[in-house]
Amino acid sequence: MVSNEQLAEQFVKLYGIEPEVRVTCPGRVNLIGEHIDYHDYGVFPMAIDAATTILAAKNDTNSIVFSNFDSKYESWSSPIPCPWKGCTSPKWFDYLLCGWRGIMNREDGQEQFGMSFLLYGTIPPSSGLSSSSSLVCASALATLSLIVDNDPFEHISRKDFAHLCIESEPLIGTLSGGMDQAAEVLASEGTALRIDFNPLRSKNIQLPSDAVFVVVHSNTELNKGATSHYNERVIEGRIVAQIFKQKFNITSGSFRLKEIQTLSGKSFKEILKIVEELPDEVNKEQVIDLIGADKLEECLTENTRSFQKFKLRPRARHVFSEAYRVEQFESACAQKNIQEMGRLMNESHRSCAIDYECSCRELDEICRLYLDHGALGARLTGAGWGGCAVVLMAADDVDRVVAELPSLFVSKPAQGIRLQRF
Ligand code: ADP
Ligand code: NG1
Ligand code: MG
């Protein structure tokens, strides 16, 4: 673990100037509600201690310079004005550029001075703990804090800032939802969060005192920005939304499934029955037969236009059943029914693995291992296809099980993004 002093020394050594600000942004673990934020359904994450730290200062070299304490990430720089407006196949510094660009757009592109950043991250990357959003949010706050003299959150509310970060991260080409940036910006120490979207809002949730969440790494990783798995799921959901809009004669609104469900007036149980009428898998021509070429075009984006096959029924079954489980999990949590919370987490993992196909052998095995040792629930967390699982255990069992099995950390709800001026 690198100390604040070591980091500040490295900054001076690299840039020959003192850092002006230090931003710390946590990662997050999602307890339940996976792959539903981009359909505007509520989710249930909490911030974690692992975090991204950025030291930053204005420079007089008329350039933006990003360096990483970890030498495996090469430094990057650009003269100002910097033309970057987005990318695909992102490198580490592209996530910083997302946050920087978000603030620049808001502040009317005031590139009046250069900036030097030094990043140090302790969130395991590509592991479902949202290191990516932590980089985006930390960079946005570092940029803003160099532009304004006062507390940046007097300049922009935390909620608007979270919203800005939500809108900025898709610049790396992922059609992501808003759970991660909202959790990392809006979290308060000691409580989990129930986050809802459109409009963005969050509620602090006290977890039962006998419930302990342990984060476990499956020893596999997936860099989400480098594959199309995530965007494929987003597009499949959009196609389902178009089919349901036709079915329910809905002419207004987006292609987010929560809005379609609301406009249809159907309950979760009713819509889950209708889902069973959907085709299992279709190709592009079949989608055009179902909704028409124009509606398909509305669903697609530049980097998803080449997709040829779409799974519909299982994907829709996951989204609606997972959204329903979030509601049930919140009730179980309020009733301190940790057995039921565990059951719902297991159902969620099954749905992610079978219907959403976003698990992998290693994640399935690590969840099974913990359940065999007495855990109440275990599921993948974050986007999946590798990375971490979150395990619910009764407090009395934790020491015994963690001594027997591999684990990354026992999680307690951490504080959201914060700024310190030197
Ligand atoms: P997740 O958000 O679940 O951690 P993503 O695939 O969305 O996974 O983002 C991971 C990417 O974030 C990495 O490939 C890397 O580019 C970047 N990243 C994360 N942590 C760091 C770090 N400490 N230093 C540099 N880049 C990082
Ligand atoms: P990861 O890859 O764990 O950072 C992603 C998305 C979330 C959400 C989850 C799945 C981004 C920034 N984050 O998280 O919005 O959809 O997957 O629930 O893409
Ligand atoms: Mg990410």
Side-chain angles (χ1 to χ4, degrees), residues 2 25-45 48 50-54 66-76 87 89-99 117-139 162 165-185 195 197 215 217-218 220-227 229-231 233-234 237 256 318-319 322-323 326 348 351-352 356 358-359 363 379-390:
V2 175
C25 183
R28 64 98 189 94
V29 57
N30 190 23
L31 304 184
I32 196 159
E34 224 61 84
H35 287 280
I36 59 172
D37 59 346
Y38 44 82
H39 287 295
D40 282 346
Y41 281 112
V43 293
F44 212 108
I48 57 177
T52 303
T53 302
I54 292 181
F66 296 152
S67 297
N68 200 307
F69 193 85
D70 184 340
S71 57
K72 84 169 179 242
Y73 297 104
E74 274 181 34
S75 296
W76 174 93
C87 68
S89 307
K91 309 262 189 341
W92 76 275
F93 48 80
D94 288 310
Y95 296 93
L96 300 186
L97 284 163
C98 288
F117 285 16
L118 173 62
L119 181 145
Y120 172 64
T122 59
I123 307 166
S126 309
S127 300
L129 301 178
S130 204
S131 64
S132 63
S133 303
S134 179
L135 262 63
V136 173
C137 300
S139 168
C165 296
I166 292 170
E167 299 213 312
S168 303
E169 189 161 345
L171 295 176
I172 56 103
T174 306
L175 303 168
S176 47
M179 159 166 67
D180 302 352
Q181 306 83 352
E184 293 174 356
V185 171
I195 296 172
F197 305 97
V215 176
H217 207 293
S218 68
T220 50
E221 285 180 1
L222 178 98
N223 180 344
K224 212 159 34 62
T227 67
H229 302 335
Y230 188 90
N231 283 353
R233 302 301 184 276
V234 178
R256 295 185 177 225
H318 168 76
V319 172
E322 182 76 353
V326 173
S348 168
S351 178
C352 283
Y356 225 60
C358 63
S359 185
L363 274 168
R379 56 181 300 281
L380 66 84
T381 188
W385 297 287
C388 291
V390 57

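Excluded from the calculations below are hydrogen atoms, water molecules and symmetry mates; all remaining heavy atoms, backbone and side chain alike, are included. Position 1 is the first residue of the sequence, and the numbers go up from there. As the structure lists them, so they are numbered: ligands from 1, and atoms in each ligand from 1. Since the structure is predicted, the reported quantities are computational estimates derived from the model, not experimental observations.
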Which protein heavy atom lies closest to atom 6 (C) of ligand 2, and at what distance to 0.1 Å? Tyr230 OH, 3.4 Å
among protein heavy atoms, the one nearest atom 14 (O) of ligand 1 is Asn223 ND2, 3.0 Å
Answer yes or no: does an N/O atom from Asp37 fall short of 3.5 Å to an N/O atom of ligand 2? yes
Of all the non-hydrogen atoms in the protein, which one sits nearest to atom 2 (O) of ligand 2, and at what distance? Lys224 CE, 2.4 Å
Atoms of ligand 1, numbered as shown, that sit under 4.0 Å from any heavy atom of Gly121: 23 (N)
So the atoms of ligand 1 within less than 4.0 Å of a heavy atom of Gly128 turn out to be 3 (O)
Tell me which protein heavy atom sits closest to atom 18 (N) of ligand 1, plus the residue, atom name and distance to 0.1 Å. Leu135 CD2, 3.8 Å
Distance filter under 4.0 Å to Ser127 heavy atoms, resulting ligand 1 atoms: 3 (O), 4 (O)
Select the closest option to atom 16 (O) of ligand 1 among Trp385, Tyr95, Phe93, Tyr230, judged by heavy-atom distance. Tyr95
Does even one non-hydrogen atom of Arg28 get within less than 4.0 Å of ligand 2? yes
Under-4.0 Å heavy-atom contact with ligand 1, by part of Leu119 that carries it: side chain
Where on Glu34 is there a heavy atom closer than 4.0 Å to ligand 2, on the side chain, on the backbone, on both, or on neither? both
Quick look: Tyr120 vs ligand 1, heavy-atom contacts under 4.0 Å, and the answer is neither
Can you tell me which residue and heavy atom of the protein come closest to atom 10 (C) of ligand 1, and the distance to 0.1 Å? Ser126 OG, 3.5 Å
Ligand 1 atoms nearer than 4.0 angstrom to some heavy atom of Leu222 are 6 (O)
Kindly confirm whether the Mg ion (ligand 3) is within less than 2.8 Å of some N/O/S atom in Ser132? yes
Evaluate Ser132 for polar contact with ligand 1, using N/O atom pairs at a separation under 3.5 Å. yes
Side chain, backbone, both or neither: which part of Ser130 has a heavy atom under 4.0 Å from ligand 2? both
Nearest protein heavy atom with distance in Å, relative to atom 11 (C) of ligand 2: Ser176 CB, 3.3 Å
Below 3.5 angstrom, do we get any N/O pair linking His35 and ligand 2? yes
Under 4.0 Å from a heavy atom of Asn68: which atoms of ligand 1 are those, numbered in the order shown and with their elements? 24 (N), 25 (C)
Of the protein's non-hydrogen atoms, which lies at the shortest distance from atom 13 (N) of ligand 2, and what is that distance? Asp180 OD2, 2.7 Å
Is there a donor-acceptor contact under 3.5 Å linking the side chains of Thr220 and Ser218? yes
So which heavy atom in the protein is nearest atom 9 (C) of ligand 2, and how far is it from that ligand atom? Met179 CE, 3.8 Å
Part of Tyr73 within contact of ligand 1 (heavy atoms, under 4.0 Å): side chain
State whether a side-chain donor-acceptor pair under 3.5 Å links Ser348 with Glu322. yes
Counting non-hydrogen protein atoms only, what is the nearest one to atom 12 (C) of ligand 2? Give residue, atom name and distance. Glu169 OE2, 3.1 Å
Regarding ligand 1, does Lys91 bring an N or O atom to under 3.5 Å of one of the ligand's N or O atoms? no
